[in-house]
Amino acid sequence: MRRLQCLLLPALLIATSATVLGQALPTASRSGILSKVDLGAAAGGQFTTSVTNQTVQVSPGPAQGTPLPHYATGDSLAGLVTLHDQPKSWAGFELNYQYSRYANRFFVPTGAGQVNYVAQTAVHEGTAAYLVHLRKMHRFSPYVGIGGGALDFQPPANFHHQWRGAALADIGFDMQTSSRLGFRLGARDLFYRAPNFSSSVLSSSRWVSSEEPYVGMYVKF
């Protein structure tokens, strides 16, 4: 419950501020470049693919190899803050910051079985993406985005801190109200190499995908 409160509190604070701004600032007063910018806050989920049943070939001929560790994560909630800019009716970009916290689990095969390692890890994401805005349908504005950035993995003190580059795909739609306030629903996919916290024992040598549905609100400036 404490972790849930920590994740949702920033999003709720920003969402409350967005509501106040949306009510206080009428749409008609928007002008200049800021009229194309919005700030959003959302809550979502984080679901990462697992890596299992791996071997590495060490010699030609018959299948011989050394088992690599299996890798899995726990599912978690995430808090997402986005800044959208739309200089063209059909094109724009977004800047993203996301925070989540979940368990990274490693299952390392040994001669006697396997050894399990668990690292409760805080993950900070900083990404950017180009956005293509599709044809508006009533108040719904669909968009798709593609970009990338970096993930900052911060595990417990007995593991090494680590950065990973990440590719980002984003799809969703905005629903604009009569004020500056709007609502946003979408899904993101992050593609990156599984962390090993600088340990060859924990290296799975594989890339993983994190699927992240989200829902939130935004305010236009």
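What you see is a predicted model; the values in this text were computed from it and never measured.
- For F140, the ring pair (Phe, Tyr, Trp, His ring centres under 6.0 Å) partners at least two apart in sequence or on another chain are F173.
- Annotation: cation-pi geometry not satisfied between R164 and Y192 (NZ/CZ under 6.0 angstrom from ring centroid, within 45° of ring axis).
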I would like to know whether V81 and L95 meet side-chain contact (heavy atoms from CB on, under 4.5 Å); could you show each step before the answer? CA-CA 8 Å; V81 178; L95 302 176; over 6 Å; no
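- Note: F197 and F153 have perpendicular aromatic rings, judged against thresholds of 30 and 60 degrees for the angle between ring planes.
- Taking the six-membered ring where tryptophan is involved, the planes of Y117 and F159 are perpendicular, since the angle between them exceeds 60° and thus also 30°.
- Within the 6.0 Å centre-distance limit, the rings of F191 and W207 are counted as a close aromatic pair.
- For F107, there are no ring pair (Phe, Tyr, Trp, His ring centres under 6.0 Å) partners, not counting sequence neighbours.
- No option in R184, R139, K136, K220 other than R184 meets the salt bridge (Lys or Arg N to Asp or Glu O under 4.0 Å) test with D174.
- Residues passing the salt bridge (Lys or Arg N to Asp or Glu O under 4.0 Å) test with E212, sequence neighbours excluded: R188.
- Below 30°, between 30° and 60°, or above 60°: for Y71 and F106 the angle between ring planes is between 30° and 60°, a tilted geometry.
- Within a 6.0 Å radius of CD1 in I146, no more than 12 heavy atoms belonging to other residues, nucleotides or ligands are found.
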Begin from the C-alpha positions of T49 and S209 and carry the test side-chain hydrogen bond (donor to acceptor under 3.5 Å, both in side chains) through to its verdict. CA-CA 6 Å; T49 56; S209 174; 5.5 Å; no
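- The backbone N or O of T82 lies less than 3.5 Å from no partner atom in the side chain of E94, so there is not a single donor-acceptor pair.
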